[in-house]
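The structure under discussion appears below in the form of structure tokens.
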Amino acid sequence: MNFEGKDIISIKDFSKREIDYILKYAKEMLPYADGEKFKDVLKGRILSTLFFEPSTRTRLSFESAMNRLGGRVIGFADPMGTSQKKGESLADTIRMADAYSDAIVVRHSREGAARLAAEFADAPVINAGDGAGRHPTQCLLDLFTILTEKKRIGKNKVVLLGDLKYGRTVHSLAYALALYGAELTFVSPTSLRMPKEVVEECKELGVEPVQMSSLEKAVRDADVLYVTRIQKERFPDAEEYNRVVGSYRVDNELLSNAREDLIVMHPLPRVSEIDPEVDKTSHAVYFKQAFNGVPVRMALLSLVMGGRL
Ligand code: NCD
């Protein structure tokens, strides 16, 4: 399988076989991701990380991944320190990154921004989140986490909880889980339901998601509980946000009714939707999940820039 030069814009651009291949390669990256082994397969290569929106894990794990493979990174974490402030267009900023580097990671508040960026760059463009759209690399690390913790991706009962309307991670993940035939349950405030388009995509793949209002009931026989933050920054008005803030919270009391081997995931950052008391339980895998961003992104960078382990 050859991914050299390929843009990574949406998980929908990948077949199940391709995803399996990436996840297998990510597993091989593990000893290189924690620094136990080192091989500079991307020596001499430069990655641009262009973050028009805030990020901790995505940007730092991409940068760590590139460094772990012996490559170098240029970029910005805040567009206000760039010529964007002077009114430069996204297209022109992308053209510059294309001239200065071998691959471009871009996060932007506008849906479709990564797809647009890819049109202006010869170098591969990787979508690190486009507004309320998609987040394919997060999706791959989420799948990697489920696979490592559960030994399989399909045949799991997965509950997606929270802001399913604006949460881009769950848009990608719902599709990918349906591709593997997992059972899907969506729990969210009524105003933050999963977009129809994503529900339709799941149905086309033969999976009919169940929408449930009771979190207690949904969690009872689940294998995976995937929690999301309410995406405050995407709400058109503060009142809409105030109506849903604090409407769900995962704590030990809720989990006392869950299966012992239930795993709790979260793309992070969390605000108040998971009580810190959960961190110490065997259910909590969200910090491991965040670490998994490194091997998965190492695999992707190595594949798109053609420097194989
Ligand atoms: C998520 C994102 O940016 O979409 N974070 C991440 O990439 N790990 C989730 C969020 O911000 O709530």
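For ligands, and for the atoms within them, numbers begin at 1 and follow the listed sequence.
Looking at ligand 1, you won't find any N or O of R57 less than 3.5 Å from one of its N or O atoms. For a threshold of 3.5 Å applied to N or O pairs, the pair formed by R168 and ligand 1 contains at least one separation below that value.
Of the protein's non-hydrogen atoms, the one nearest atom 6 (C) of ligand 1 is L268 O, 3.5 Å.
For the 3.5 Å distance criterion, the side chains of R107 and H135 qualify, holding a donor opposite an acceptor. Checking Y175 against S10 by side-chain atom types alone, no donor-acceptor pair falls below 3.5 Å.
Hydrophobic clustering keeps I8 apart from I104 (ILVMFWY residues linked when any side-chain heavy atoms are closer than 4.5 Å, directly or through intermediates).
Panel note: side chain H171, backbone A132; a donor-acceptor pair is recorded below 3.5 Å.
In this structure, R107 counts as a contact residue of ligand 1, since one of its heavy atoms falls inside 4.0 Å of the ligand. Between A290 and ligand 1 there is no heavy-atom distance shorter than 4.0 Å.
Closest heavy-atom approach to atom 8 (N) of ligand 1 among the candidates P54, P267, P269, G131: P267.
Under the 30°/60° scheme for interplanar angles, the aromatic rings of F76 and F52 are found to stand perpendicular.
Interface atoms of ligand 1 facing T169, defined by a heavy-atom separation under 4.0 Å, are 1 (C), 4 (O).
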